[in-house]
Protein chains: 2
Amino acid sequence: MMTGAGGNDEAVEVSAGAQTGALLDVALVHYPVLNRQGEVIGSAVTNLDIHDIARTARTYGVRRYYLVTPYEDQQRLVAELLAHWLTGRGGKLNPARKTALELVRVVPDLAALYEQVSAARAQRPLILATSARDQAARMDYGQARQQLAVGKPALILLGTAWGLAPAALAGVDAFLPPISGGGDYNHLPVRAAAAITLDRLCR
Amino acid sequence: MMTGAGGNDEAVEVSAGAQTGALLDVALVHYPVLNRQGEVIGSAVTNLDIHDIARTARTYGVRRYYLVTPYEDQQRLVAELLAHWLTGRGGKLNPARKTALELVRVVPDLAALYEQVSAARAQRPLILATSARDQAARMDYGQARQQLAVGKPALILLGTAWGLAPAALAGVDAFLPPISGGGDYNHLPVRAAAAITLDRLCR
């Protein structure tokens, strides 16, 4: 909404929000997810999900924003987009966008995701999934904040299309409650769900 | 993220969130806003801002989501898009999207916006602007929630491009604090700012 100095790793204010965000990684899963009919599919990476969630992740001081896709053409597309912003014209014209997109990494599958985050954290993070459906192994936002407050890193899995497929849920430690606005409409964009989830965790 | 029954006006759960949301209107302002150089411009309406913020507004039970643009070609474009979803093929294929887009209205300017919302509320709402910049007349989220808790309706102004121009700030009662994630990065997408603002107000 507004230009400014732009964030950088050296100049982050020390505050509860920033400390919490630094314990978080976010992953947007494109496979395996469900389609409208409940079948397992792979979804296409969208330019907008990359930009919006990267900007939100940077706002909250998140360590990395991972895109999970096994498709090589999609991985190439992301690499081209990132090159435009990180080393090409895009970043010169809009340095704040570059700062956000520096957080993005591509991994082929959840196994590689868990391996990379666990290596970076020197421990397996708490793996939390968001879901518009109600799930059994729930952890509410207060409980998740308590884990973060004692220094436990967490990895937030966000699903594209009609949500994470059952196979993607196998490694998950707990589910954050569906985001409710008080009514029964549960069709929030994943970009909005990412923003609300990070704001609630870093509150 | 997930299909479901879809929200409708008759079947909204009674809860603090839904009651609060019903007191809110949201407006996305495309003129007058600032460009990167701080000059007053009109921005283009984007498909994505319409869909994302409509879905978020519906989630929180917001009464109306207004697009403020004086440009007739932009108004026609919105009308065509809405027709596709409200009376055309789109709504049949994706009824949940239709339910969200039913909230959208187009107004040519802020004067018309204030007039319409005041008429619908039978009183002038509290007009709150969001800003990535720090502003003088602040109202924090707790104070805004107190106003809503006693039944005062509020209209939330969101700016596109590099934020609301000074002329757009004249009728504003107060500014919600800039959304901070604990660091100094203030380049949140307006779609994410809308989601976080509604979640904080309806908490």
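Below, read A as the first sequence line, B as the second, and so on, with proteins coming before strands; counting in each chain starts at 1. Because the structure is a prediction, the values reported are computed rather than measured. Side chains are part of it too, since the values below use all heavy atoms of this structure and drop only hydrogens, waters and symmetry mates.
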Original post:
Any idea which heavy atoms bring A:Ala192 and B:Thr56 closest together, and the distance?
Top reply: CB-OG1, 3.5 Å

[X], part contacting chain B, at a heavy-atom distance under 4.5 Å:
X: A:Ala100; answer: both
X: A:Arg97; answer: backbone
X: A:Asp199; answer: side chain

Original post:
Which value, rounded to the nearest 0.5 Å, describes the distance between B:Arg55 atom CZ and A:Arg191 atom CZ?
Top reply: 6.5 Å

Original post:
Are the side chains of B:His187 and A:Thr59 in touch, meaning some heavy atoms are under 4.5 Å apart?
Top reply: no

Original post:
Do B:Arg58 and A:Leu188 come close enough that some side-chain heavy atom pair is under 4.5 Å?
Top reply: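 Not touching, per the 4.5 Å side-chain cut-off.
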
Original post:
Non-hydrogen atoms of chain A under 4.5 Å away: do they reach the side chain of B:Leu93, the backbone, both or neither?
Top reply: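 Contact with chain A involves the backbone of B:Leu93 alone.
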
**OP:** Mark yes or no for whether A:Tyr185, through its side chain, and B:Ala96, through its backbone, hold a donor-acceptor pair below 3.5 Å.
**Re:** yes

Subject >> Over 12 non-hydrogen atoms of neighbours within 6.0 angstrom of CZ in B:Phe175 >> reply: yes

